[in-house]
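The next block holds one structure in the form of structure tokens; read it before the comments.
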Amino acid sequence: MSRVNDVGGQAGFGALEIEADEPPFHADWEARVFALNSALVRNGVYRLDEFRDAVERMAPQEYLAASYYERWLHAIETLLAERGLLGDD
């Protein structure tokens, strides 16, 4: 089944913008999301394939509007909620 993230070979997405000397993170929160995901996978809260699937399950309009690490945060929140580990507040 093709999902919104599977755009290989499709046209109409514009040119890639590649920054010279691009930093790994553009904001502090992105580094925290990266570290949080790494810790959750390392501690067995979920597996990396589950994380990838959670990213790919995003609604198409949300996926296309989100940045790379916004997709990661969405996946983390989704997986924690599905496991009952996300607080109510």
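All of these numbers come straight from a predicted model, not from anything done at the bench.
Between the side chain of Arg71 and the backbone N or O of Tyr63 there is at least one donor-acceptor pair closer than 3.5 Å. Between the Glu30 side chain and the His26 main chain, a donor and an acceptor come within less than 3.5 Å of each other. A donor-acceptor contact shorter than 3.5 Å is absent between the side chain of Glu62 and the backbone of Ala59.
The aromatic rings of Trp72 and Phe34 sit parallel to each other, their planes meeting at less than 30°, with 60° as the upper class boundary.
Looking at every heavy atom in both residues, Glu70 comes nearest to Ala65 through OE1-O, 4.1 Å. Contact between Val55 and Ala75 at its shortest, heavy atoms only, is CG2-CB, 3.5 Å.
Relative to the ring axis of Tyr46, Arg83 does not place its NZ or CZ within 45° and under 6.0 Å from the centre.
Within the 4.5 Å cutoff, no side-chain heavy atoms of Leu36 are placed close to those of Arg32.
With rounding to the nearest 0.5 Å, the separation of CG in Asp49 from CD in Glu56 is 10.5 Å. Within the model, atoms CD of Glu82 and CZ of Arg57 stand 4.5 Å from one another, a figure rounded to the nearest 0.5 Å.
Here the rule is side chain to side chain contact (heavy atoms under 4.5 Å, CB included) with Val45, and of Asn37, Leu40, Ile76, Leu79 only Leu40 fits it.
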